[in-house]
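Remarks on the structure that follows.
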Amino acid sequence: MLLAFLREPRTVEDIVGHRLVHRPHVEAPQVEPVERRTATRHLDRLIHAGLVTEVEHGLFRTAH
């Protein structure tokens, strides 16, 4: 799901807004921090695996 979303360059904020963990209608204080932590952890793993690259500072997309 995240790799498909990153076919176009995206920021962490874009990924947070896309919601990897919570459904779009869920509103609670913990939603944004959980989404941000999940997005950054996934990005780190995908970059390390060579599947995602940072094309500009703070802008990520699939490497292929």
Side-chain angles (χ1 to χ4, degrees):
M1 182 165 104
L2 182 55
L3 284 175
F5 186 65
L6 291 174
R7 287 184 186 137
E8 298 294 325
R10 310 285 183 167
T11 65
V12 171
E13 291 303 314
D14 293 332
I15 299 167
V16 169
H18 185 65
R19 300 276 183 107
L20 298 174
V21 178
H22 297 92
R23 295 182 185 264
H25 69 275
V26 176
E27 294 296 330
Q30 77 276 7
V31 169
E32 190 170 316
V34 168
E35 293 290 342
R36 184 175 317 286
R37 185 174 60 244
T38 301
T40 57
R41 285 182 177 178
H42 282 320
L43 280 173
D44 288 344
R45 289 178 186 148
L46 292 169
I47 289 168
H48 182 70
L51 298 172
V52 169
T53 187
E54 189 172 13
V55 294
E56 290 180 22
H57 180 69
L59 196 60
F60 305 90
R61 75 173 300 159
T62 54
H64 304 181

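For Ala49, the side-chain contact (heavy atoms from CB on, under 4.5 Å) criterion is met by Leu51, not counting sequence neighbours. Evaluation of the side-chain contact (heavy atoms from CB on, under 4.5 Å) rule for Ile47 yields Val52, Phe60 as partners, not counting sequence neighbours. Not a single side-chain hydrogen bond (donor to acceptor under 3.5 Å, both in side chains) links Glu54 to another residue, sequence neighbours left out.
Other residues, nucleotides and ligands contribute over 12 non-hydrogen atoms within 6.0 Å of the CD atom of Gln30.
Using modelled atom types, no side-chain atom of Arg61 and backbone atom of Leu6 make a donor-acceptor pair closer than 3.5 Å. Glu32 contributes no side-chain N or O that, together with a main-chain N or O of Val16, makes up a donor-acceptor pair within less than 3.5 Å.
Listed by first then second residue, pairs satisfying salt bridge (Lys or Arg N to Asp or Glu O under 4.0 Å) with a partner in residues 12-27 read Glu13-Arg36, Arg19-Glu27, not counting sequence neighbours. Pairs engaging residues 10-41 under the ring pair (Phe, Tyr, Trp, His ring centres under 6.0 Å) rule: Phe5-His18 [sequence neighbours left out].
Atom CD1 in Ile15 sits 11.0 Å away from atom OG1 in Thr38 (nearest 0.5 Å). Between Leu46 atom CG and Thr53 atom OG1 the span is 11.5 Å, to the nearest 0.5 Å. Taken to the nearest 0.5 Å, the CZ atom of Arg45 stands 9.5 Å off from the OG1 atom of Thr40.
Residues Met1 and Val12 fall within the same hydrophobic cluster, defined by Ile, Leu, Val, Met, Phe, Trp and Tyr side chains chained together at heavy-atom separations under 4.5 Å. Cluster membership check: Leu3 shares its hydrophobic cluster with Leu20, using side-chain heavy-atom separations under 4.5 Å among Ile, Leu, Val, Met, Phe, Trp and Tyr.
When all heavy atoms of Gly50 and Ala63 are compared, the closest pair comes out as O-CB, 3.4 Å. Leu59 approaches Pro9 most closely through the heavy-atom pair CG-CB, 3.6 Å.
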